[in-house]
Peer 1: 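Before I ask anything, let me first share the structure, which is written out below as structure tokens.
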Amino acid sequence: MPLSQNKYNTMSLKNALLYVTLPICLFSVNSFSQSAMKAPANPFLVGSNVVVDYSNVTSKDVVGYANHTLKEVASMVATIKKQKSSTFKNVFGTMDEIKNKIGTTSNNCFMMYWVSTDATIREKGLASYQLLDSLSTALYSDKGIYDRMIKFKKSADYKKLTGNKKLLVANMIEGFERSGVNLDKDRLARVKTLFKEISELSSAYSSNMNSSNEILTLDEKGAAGLPENFKNNYKTAEGKYDIPIINATSETVMSNASLEATRKAYYNKFYSRAADKNMDILDNLVKKRDELAKLMGYPTYAAFALVPKMAGTPKNVWDFLNDLISRSKQKAKSDVALLDIEKKVETTNQETKLQPWDIAFYKNQIIKKQYQINNEELRDYFPMQQCLKGMMDIYQQLLGFEFRKVNNPTVWHEEVEMYEVYESGKLKGRFYLDLFPRPNKETWFYGVNIVSGKGKELPVAMLLGNFTKPTKTQPSLLSQKELKTLFHEFGHIMNMMSYHGEFSSQQESKADFTEAMSQIFENWVLDYGIVSSFAKNYKTGETLPQATFDKMLQSKKVGSGLAAIQMLQRCLYDMNLYDKYNAAAPMPTDDIWKLTNKQLDVMDFYGPETHYQANWIHVNTHPVYMYGYLWSEVYALDMFTQFEKNGLKDTKTGVRYRELILANGTQRDIVKAVEEFLGRKSDNKAYIKSLGLE
């Protein structure tokens with residue numbers, strides 16, 4: 001699942017882990033050289049709204065930048081503590097400024113860790129991020145600051161607060177309390193240690209995953225069924241094919257490799273990346289998160305993590321998931337039976353049985369036969385640059401924005417593009433596109449927040465992708481899955497560009513609503529009028545025929561129940577991992593997959609040679625998050641009904657959506673904001689209809 005800020009998420013790099021990875025160490029800069037601060041031209045140390053010269057960033061610049069922020073924050077904290085009285089401005093306003101400085105700096109440092117081609121910059125980016133997390137822990141457990149907050153809350157001035165300022169006070173106090181500020185000395189010390197250890201383990205997990213360099217070598221027989229253009233990209237001098245085990249190759253191999261041994265080998269490698277290191281790391285992460293939750297007074301880590309989310313409690317999540325399982329199971333079982341029959345027919349073997357590595361292949365075979373749709377050939381209609389332009393044209397018209405590409409931008413890699421966002425001729429924000437995989441780059445898909453855009457600050461964001469790369473002979477050609485992901489992740493970018501609130505702390509929405517704001521835009525790729533505006537064959541210029549598009553839509557019902565159950569399996573795994581943990585006798589994480597199979601009772605999804613949990617970003621950096629994709633989708637599809645009614649390019653509806661939903665963050669209750677946009681209470685009718693499980 002794509003994540004922004006998600007699809008991790010659309011959460012900012014720092015705030016995605018704010019209450020999960022807040023380690024110790026107050027204002028300590030001992031581990032960093034101070035010499036970098038004396039440098040006359042650190043690209044990061046520029047004025048507000050000045051573009052960072054990423055192309056000239058060095059590892060010393062990253063370190064100097066972090067140290068500079070540490071000193072600034074130390075001074076601001078001292079100012080809070082020396083104030084004679086507690087006011088909203090000198091406590092909460094200053095804390096928001098502090099959060100914004102730490103957030104922007106740590107976002108930049110972590111981004112360098114994710115995207116830089118320089119190993120030393122990546123190393124210093126991660127170390128600087130972790131140091132800033134240590135600073136956050138110290139701040140959010142600082143009793144002196146907390147006492148000033150409580151003192152203000154008891155004042156007459158607090159009683160006069162309304163709207164977003166009152167919400168800010170409540171959320172900021174909750175943040176301090178969730179960081180252990182009210183614990184006794186010994187328990188607080190242990191909590192700080194746990195935060196630090198969790199941060200270090202999580203970073204190690206991600207580093208191991210991103211540096212995995214697995215290859216599947218195939219001969220001509222093993223490569224049977226794979227598209228010729230795809231094979232040619234990976235052909236070796238010996239006439240074999242070295243297929244990298246990465247997201248950009250997964251869909252093509254698993255949907256097209258006709259030899260089961262090839263699919264199984266790829267599947268096992270793909271879902272075991274970094275397992276030799278990350279299995280032990282995950283065991284430690286789950287153990288420490290469970291201990292952390294119990295120190296905070298919660299029975300499980302899931303109970304702790306869900307408090308600030310819309311769902312609120314594990315029971316609400318379990319009820320939500322179990323309801324969807326009951327709705328999906330019958331169709332999923334029918335899908336399994338259909339795919340199993342297809343395998344028996346294709347292999348002329350009545351004894352064979354559908355395996356997890358067969359699902360994508362036989363689904364693709366049925367789509368080819370019944371709907372005459374070849375998904376690999378359809379890629380010719382969806383070259384990346386064409387899709388980008390078409391998508392941006394739609395977003396601009398819909399949301400009232402204008403995007404201007406920056407020529408010769410100062411970026412961290414030659415493939416990265418930069419755009420400025422305007423509204424009525426006024427500069428509104430900036431975003432970067434880093435779309436293709438490369439060694440050591442973060443391997444998933446994200447809308448990444450860099451600068452929040454509070455007050456007069458311009459928001460800055462990045463779309464980090466791992467889409468199919470262009471080659472010497474053809475452009476990047478997108479699958480339907482990749483096109484959907486592109487629209488989704490760009491929706492996160494638009495969310496970030498839309499914020500214009502007073503406080504950085506209110507820029508992001510509830511974690512289990514944030515996906516809704518980008519999921520809604522996935523619906524635009526289901527409309528022929530929209531898609532035909534940019535879906536043109538890169539060789540012939542022919543527009544995608546409507547008959548073909550209609551068959552594409554019809555083919556989506558193939559395996560729809562099974563797809564729903566596979567998503568629910570990941571949700572169950574996440575909840576079993578963090579809500580059913582038994583510290584006295586922890587269940588091996590591989591066995592949890594077997595448990596989810598029993599809970600679902602659809603088919604055996606567990607591959608005994610795989611360890612999906614070792615290379616799954618969500619259970620590492622976004623624990624107790626998977627259900628949120630489905631929770632958010634209920635709201636996304638309900639909100640989409642307004643566009644269905646008024647038109648998918650209706651600017652008036654789009655701008656209302658931008659202002660009421662995208663620009664909101666947590667400035668007002670999101671349920672009330674949705675109800676105002678809809679003109680009624682929200683419901684799940686559109687979502688239930690969308691499941692297509694009949």
Side-chain angles (χ1 to χ4, degrees), residues 1 225 250-268 270-271 321-371 373 375 480-481 551-576 590-613 616 626-627 629-630 633 688 690-694:
M1 293 293 104
S250 175
E251 184 181 2
T252 299
V253 173
M254 297 309 298
S255 297
N256 295 280
S258 54
L259 195 68
E260 181 173 355
T262 297
R263 300 196 300 273
K264 181 179 180 180
Y266 186 99
Y267 184 91
N268 287 343
F270 188 85
Y271 290 118
L321 296 178
N322 287 330
D323 176 60
L324 290 180
I325 290 168
S326 67
R327 294 176 185 273
S328 308
K329 184 179 290 189
Q330 184 176 351
K331 175 63 164 61
K333 286 188 172 183
S334 298
D335 291 341
V336 170
L338 182 67
L339 296 175
D340 189 66
I341 291 171
E342 182 66 20
K343 182 176 182 181
K344 286 177 168 58
V345 170
E346 289 247 342
T347 60
T348 64
N349 180 1
Q350 292 302 304
E351 303 302 317
T352 192
K353 183 180 178 182
L354 186 74
Q355 300 294 338
W357 50 82
D358 293 325
I359 293 171
F361 178 75
Y362 288 109
K363 176 181 174 181
N364 193 32
Q365 294 301 102
I366 291 172
I367 288 172
K368 286 180 180 179
K369 291 178 181 179
Q370 293 189 9
Y371 298 94
I373 292 294
N375 284 309
Q480 292 305 292
K481 179 180 177 181
K551 289 179 181 178
M552 287 166 52
L553 291 187
Q554 294 166 16
S555 72
K556 291 182 183 297
K557 67 183 180 182
V558 177
S560 62
L562 187 52
I565 283 292
Q566 286 180 292
M567 177 61 180
L568 285 162
Q569 183 201 25
R570 293 191 283 275
C571 297
L572 286 181
Y573 190 96
D574 189 25
M575 288 299 291
N576 280 321
D590 279 337
D591 289 352
I592 298 177
W593 288 117
K594 301 173 187 177
L595 175 63
T596 63
N597 281 337
K598 291 180 181 179
Q599 291 172 324
L600 293 169
D601 188 30
V602 172
M603 71 170 279
D604 186 0
F605 292 108
Y606 173 66
E609 297 178 48
T610 64
H611 311 284
Y612 179 32
Q613 67 274 25
W616 181 14
M626 285 303 294
Y627 82 92
Y629 284 101
L630 301 177
E633 197 168 0
I688 297 303
S690 77
L691 293 177
L693 301 176
E694 67 278 354

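Note that these values count all heavy atoms, side chains included, but never hydrogens, waters or copies made by symmetry. In this text, all values refer to a predicted model and were calculated from it rather than measured experimentally.
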Peer 1: Would you say the rings of Trp593 and Tyr573 are close, in the sense that their centroids are separated by under 6.0 Å?
Peer 2: yes

Peer 1: Look at the side chain of Asp358 and the backbone N and O of Leu354, then say whether any donor-acceptor pair between them is shorter than 3.5 Å.
Peer 2: no

Peer 1: Once rounded to the nearest 0.5 Å, what's the spacing between atom CG of Leu562 and atom NZ of Lys329?
Peer 2: 13.5 Å

Peer 1: Could you state the interatomic distance from CG (Leu691) to CG (Leu324), rounded to the nearest 0.5 Å?
Peer 2: 6.5 Å

Peer 1: Just verifying a value: how many Å separate Ser328 OG and Gln566 CD, rounded to the nearest 0.5 Å?
Peer 2: 11.5 Å

Peer 1: So, do Asn364 and Lys368 sit near enough that their side-chain heavy atoms are less than 4.5 Å apart?
Peer 2: yes

Peer 1: For Lys369, does the NZ atom have more than 12 heavy-atom neighbours from other residues, nucleotides or ligands under 6.0 Å away?
Peer 2: yes

Peer 1: Using a 4.5 Å cut-off on heavy atoms from C-beta on, say whether the side chain of Asp601 contacts that of Lys333.
Peer 2: yes

Peer 1: Can Glu346 and Lys343 be said to form a side-chain contact (heavy atoms from CB on, under 4.5 Å), step by step?
Peer 2: CA-CA 5 Å; Glu346 289 247 342; Lys343 182 176 182 181; 5.9 Å; no

Peer 1: Once you round to the nearest 0.5 Å, how far does NZ of Lys556 lie from CD of Gln480?
Peer 2: 6.0 Å

Peer 1: Could you tell me whether Lys331 and Asp335 have a side-chain N and a carboxylate O separated by less than 4.0 Å?
Peer 2: yes

Peer 1: Heavy atoms only: give me the nearest Ser255-Ala360 pair and the separation to one decimal.
Peer 2: OG-CB, 3.8 Å

Peer 1: Return yes if some donor-acceptor pair links the side-chain N/O of Lys353 with the main-chain N/O of Asp340 below 3.5 Å, else return no.
Peer 2: no

Peer 1: Is there a donor-acceptor pair closer than 3.5 Å between any side-chain N or O of Tyr266 and the backbone N or O of Ser250?
Peer 2: yes

Peer 1: Under a plain distance cut-off of 3.5 Å, with no hydrogens placed, do Gln599 and Asn576 share a side-chain donor-acceptor pair?
Peer 2: yes

Peer 1: Is a side-chain donor-acceptor pair under 3.5 Å present for Gln613 with Asp590?
Peer 2: yes

Peer 1: Start with the C-alpha distance between Val602 and Gln569, add both sets of side-chain angles, then the distance that settles side-chain contact (heavy atoms from CB on, under 4.5 Å), and finish with yes or no.
Peer 2: CA-CA 10 Å; Val602 172; Gln569 183 201 25; over 6 Å; no

Peer 1: Cys571 versus Leu630: any side-chain heavy-atom pair under 4.5 Å?
Peer 2: yes

Peer 1: Does any part of the side chain of Asp574, heavy atoms only, come nearer than 4.5 Å to the side chain of Tyr627, both counted from C-beta?
Peer 2: no

Peer 1: Kindly compute the distance separating CD (Gln355) from CZ (Phe361), expressed to the nearest 0.5 Å.
Peer 2: 14.5 Å

Peer 1: Is any side-chain heavy atom of Gln554 closer than 4.5 Å to a side-chain heavy atom of Gln370?
Peer 2: no

Peer 1: State, with a plain yes or no, whether a side-chain heavy atom of Tyr606 is found less than 4.5 Å away from one of Pro356.
Peer 2: no

Peer 1: Side-chain contact test, heavy atoms from C-beta onward, threshold under 4.5 Å: evaluate it for Met626 versus Met567 and give yes or no.
Peer 2: yes

Peer 1: Using 4.0 Å as the upper bound for N to carboxylate O, is an ion pair formed by Lys594 and Asp591?
Peer 2: yes

Peer 1: What distance do Ile325 atom CD1 and Leu600 atom CG have between them, rounded to the nearest 0.5 Å?
Peer 2: 5.0 Å

Peer 1: Does Asp323 come within less than 4.0 Å of Arg327, counting only side-chain N to carboxylate O?
Peer 2: yes

Peer 1: Kindly indicate whether the side chain of Phe605, heavy atoms from C-beta on, has any atom under 4.5 Å from the side chain of Arg570.
Peer 2: no

